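Everything on this sheet refers to the single structure shown next.
Model, not experiment: these values are computed from the prediction. Whatever order the structure lists them in is the order used to number ligands and atoms, beginning at 1.
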Amino acid sequence: MSETQFTPRVFSGIQPSGGLTLGNYLGAIKRFVDMQGDEFETVYCMVDLHAITARFIDPDTLRHNTRELCAGFIAAGIDPQQSILFNQSQVPEHAQLAWIFNCVARMGWMQRMTQFKDKAGKNAQNQSLGLFAYPALMAADILIYHATHVPVGEDQKQHVELTRDIAIKFNHDFGVDFFPVTEPVIEGAATRVMSLRDGSKKMSKSDASDMSRINMTDDADAIAAKIRKARTDPEPLPSELDGLDDRPEARNLVNIYAALAETTPEAVITDHGGQQFSVFKPALADLAVAKLAPISTEMSRLMDDPGEIDRILAHGAEQARAITAPILKRTYEIVGMVGA
Ligand code: TYM
């Protein structure tokens with residue numbers, strides 16, 4: 001599809017719109033950590049411009065959430081020496097390229113975005129233009145780095161596909177091979193962590209019930225209590241994975257176990273098949289506490305020094321701009337902006 005060789009580069013982002021959940025950790029951050037290394041350059045972003053699309057949140061809360069998200073990344077194992085770590089609004093090329101992409105993307109493409117439909121509900125006419133245009137900003141986030149790989153949870157797949165469509169149309173319209181056709185990386189046991197109260201709903205920071213999710217700031221007692229009270233059916237775990245097909249809540253707990261233990265759902269069923277939830281849930285709670293409590297402790301330690309977090313973000317933004325400024329300049333030249 002593309003003849004140009006692009007540097008293998010990973011980009012991904014998380015909204016600082018509320019606290020981090022276990023879904024964000026297993027579906028995204030843990031996998032970001034795994035992609036650090038020699039194979040890729042890794043660039044990770046707190047997408048604060050995205051966080052104001054649904055509504056403006058209190059400015060102090062937004063600043064707090066952004067710093068806390070940065071602390072979460074580092075506590076989970078993102079190394080600012082190895083990865084570029086920054087917040088989106090400090091790198092203006094994201095918003096600048098997004099404008100160009102607003103002029104590439106078609107209304108019909110945006111109207112098909114299921115996440116907009118879900119978030120807007122029956123009230124689409126009253127949503128901000130930003131919420132509608134959000135996927136074009138996400139495409140800009142990715143393509144302003146010429147990122148080749150984007151690790152995300154299942155719910156972001158359609159947005160990465162739109163990013164590919166935007167790259168292809170831009171390249172085609174201007175007769176260039178400038179933007180890569182990015183691969184979504186949606187892998188592992190927990191690309192869609194479900195609510196602990198309802199196995200048909202995604203675990204989400206915006207769910208009204210705090211019992212539906214594990215927050216990365218929860219302490220050991222809260223984590224254990226939420227797993228103990230997680231909704232399940234009365235049957236024991238099956239002895240084969242197929243036995244989970246119509247049991248979404250059981251399937252979810254097995255997937256969470258597998259992702260935390262860095263194994264597969266098959267292996268979890270091999271070890272725990274036939275167990276009652278009165279046995280499996282405490283095992284899962286112990287595992288979750290062992291893996292998550294140290295992250296939450298480290299997050300709160302890092303949050304004691306917000307000045308240091310701000311320095312890390314400012315340094316990351318500087319490193320990011322070394323990549324984004326030339327790519328924006330070249331985009332402007334291709335489009336025909338005088339002075340670029
Ligand atoms: P956001 O902030 O909603 O979620 C951040 C990441 O966490 C994943 N995730 C989940 N994975 C598994 N199970 C869940 N229950 C769950 N909940 C969330 C998401 O799939 C995502 O990977 N639009 C994006 C942010 C974004 C972005 C980007 C991502 C903006 N620009 C560029 C990648 C590249 C979003 O709202 O994610």
> Do the side chains of Tyr44 and Leu143 join up, straight or via other hydrophobic residues, at under 4.5 Å, putting them in one cluster?
Replying inline: no
For ligand 1, what N or O to protein N or O distances fall under 3.5 Å?
from     : atom 1 : to     : atom 2 : distance (Å)
ligand 1 : 2 (O)  : Gln15  : N      : 2.9
ligand 1 : 4 (O)  : Asn24  : ND2    : 3.4
ligand 1 : 7 (O)  : Asn24  : ND2    : 3.1
ligand 1 : 11 (N) : Gly23  : O      : 3.3
ligand 1 : 13 (N) : Val193 : N      : 2.8
ligand 1 : 15 (N) : Val193 : O      : 2.8
ligand 1 : 15 (N) : Met203 : O      : 3.0
ligand 1 : 20 (O) : Gly153 : N      : 2.8
ligand 1 : 20 (O) : Asp155 : OD1    : 2.4
ligand 1 : 22 (O) : Gly153 : N      : 3.1
ligand 1 : 23 (N) : Tyr134 : OH     : 2.6
ligand 1 : 23 (N) : Gln156 : OE1    : 3.0
ligand 1 : 31 (N) : Asp141 : OD2    : 2.6
ligand 1 : 36 (O) : Gln15  : NE2    : 2.8
ligand 1 : 36 (O) : Tyr134 : OH     : 2.5

> Is there a donor-acceptor pair under 3.5 Å between the side chain of Gln36 and the backbone N or O of Gly77?
Replying inline: yes
Parallel, tilted or perpendicular: which describes the rings of [X] and [Y], with under 30° parallel and over 60° perpendicular?
| X | Y | result |
| --- | --- | --- |
| His94 | Phe11 | tilted |
| Phe73 | Phe32 | parallel |
| Phe174 | Phe170 | tilted |

Taking only distance into account, with no hydrogens and no angle test, what donor-acceptor pairs under 3.5 Å do side-chain atoms of residues 258-265 form with protein atoms, sequence neighbours excluded?
from   : atom 1 : to     : atom 2 : distance (Å)
Glu262 : OE2    : Lys30  : NZ     : 2.7
Thr264 : OG1    : Ala267 : N      : 3.1

